[in-house]
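Both backbone and side-chain heavy atoms feed into the values below; hydrogens, waters and symmetry mates do not. When a residue number appears, it is its place in the shown sequence, counting from 1. Both ligands and their constituent atoms are indexed starting at 1 by order of listing.
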Amino acid sequence: MRLSRYFLPILRETPKEAEIVSHRLMLRAGMIRQEAAGIYAWLPLGLRVLNRVADIIRAEQDRSGAIELLMPTIQSADLWRESGRYDAYGKEMLRIKDRHERDMLFGPTNEEMITAIFRSAVRSYKDLPKNLYHIQWKFRDEVRPRFGTMRSREFLMKDAYSFDLDQASARHSYNKMFVAYLRTFARLGLKAIPMRAETGPIGGDLSHEFIILAQTGESEVFCDRAYLDFATPDATTDFDDVAGLQATVDHWTSRYAATSEMHDAAAFAEVPQPEQMAARGIEVGHIFYFGTKYSEPMGAKVTGPDGQERPVHMGSYGIGPSRLVAAIIEAGHDEAGIVWPDAVAPFDVALLNLKVGDAGTDAACAKLQGELEAAGLTVLYDDRDERPGGKFATADLIGLPWQVIVGPKGLAEGKVEVKRRATGARETVAPDAVPAYLR
Ligand code: ATP
Ligand code: MG
Ligand code: MG
Ligand code: MG
């Protein structure tokens, strides 16, 4: 992509309304634009990151055996009357009337709808277990939308819903998501710690929030530092291995980690002092087993092996991709701008032409762009007629993992410069050797 043809509305001034660094950088780097309080347009650069985050989430959901579908954003109030949540949900729900005066709503979550889809199609235990998910926009009329896409009113969510015959098998479904989440956050370059979270009226221990430690986080959390060094389950994990998955979950819940709602000061005091972390964190995911809370009132029943009908056991599992984009920036930035992990960077390489209009430099850049793209890398080629200082600042601000800097002086000596954004390390390389160097 040539920057001269791209749409990258960089802001020079630091926006005053942005209180935290990720919000400032997302605005400055031309990733998002606020359209109304807590409602954002995703501009081209931001959308590329959002899509990459969603793709990693999708790949790990699929690996665990979950199946993707797509439910609408607008739902009928009648569904929510069946579960009793239409009145209970409160002001976070955006309620709408259509032209026939029918009560509709912009979905804040999808338990009711997925339960209705399930009950219309599944009758027997032979069709279980199932886990269905989608990645869809949600609306919650948050009292205090703030921090950009970290707490917005319209936001993207991956929400998965599992269906099982009984609690034992529901636990296996829960464990699959637990492990898929560990893998997902690790692939996003994040250290997310599963913490015991409130379960609501059903109780039990099957609710975890996945939390990234950050000063700007809105949650107060308590955990054992040891989690920061725990190894992530690898790609060969067998999601059908019931005992194996349980062992992984047992390991990842063996130390103390709880959100403030579940905090037990006495148990925390038993963690060796230097290992104790009382910190702030960002909730990036939440998994939850809630049994027959929706299947019972909504009549989502299956026949068991004994011929008896019973309500299915369900769980729901959310991740916020749009919140994650901000969280990744909170975890990866410096004074000059964003530092993207390779896995989610909007482009792999910023190719900087320091003398646009100089035939030799233009030709060398065009050739490099072609070769890098042929090697499978995505390139944002800064071909604007601008001073080098401005180009360096833009490249640092948008945080692409590699910068390839091409100017007539270097070319005369058969060299270009390659800079790694994360470390600032620079190396001179022959132009032909750049693709191999970056691989
Ligand atoms: P919070 O405690 O931050 O309000 P929540 O517990 O209400 O979040 P869940 O219902 O558990 O959120 O939704 C699953 C995920 O969706 C969250 O873990 C988070 O990643 C994301 N999410 C929830 N609310 C928002 C929001 N207002 N803006 C962006 N992402 C959100
Ligand atoms: Mg909330
Ligand atoms: Mg929460
Ligand atoms: Mg939650």
Of all N/O/S atoms in E283, the name of the one nearest the Mg ion (ligand 3): OE1
Closest heavy-atom pair, F106 versus F139, reported as atoms and distance to 0.1 Å, is CD2-CB, 3.2 Å
So, for F178 and F210, is the gap between ring centers shorter than 6.0 Å? yes
Answer yes or no for E209: is there an N/O/S atom below the 2.8 Å cut-off from the Mg ion (ligand 3)? no
The atom of H286 among N, O or S that is nearest the Mg ion (ligand 4) is ND1
Run the ring-centre check on W252 versus F230 and record whether the distance is less than 6.0 Å. yes
Taking the ring of Y256 and the ring of Y227, is the distance between their centroids below 6.0 Å? no
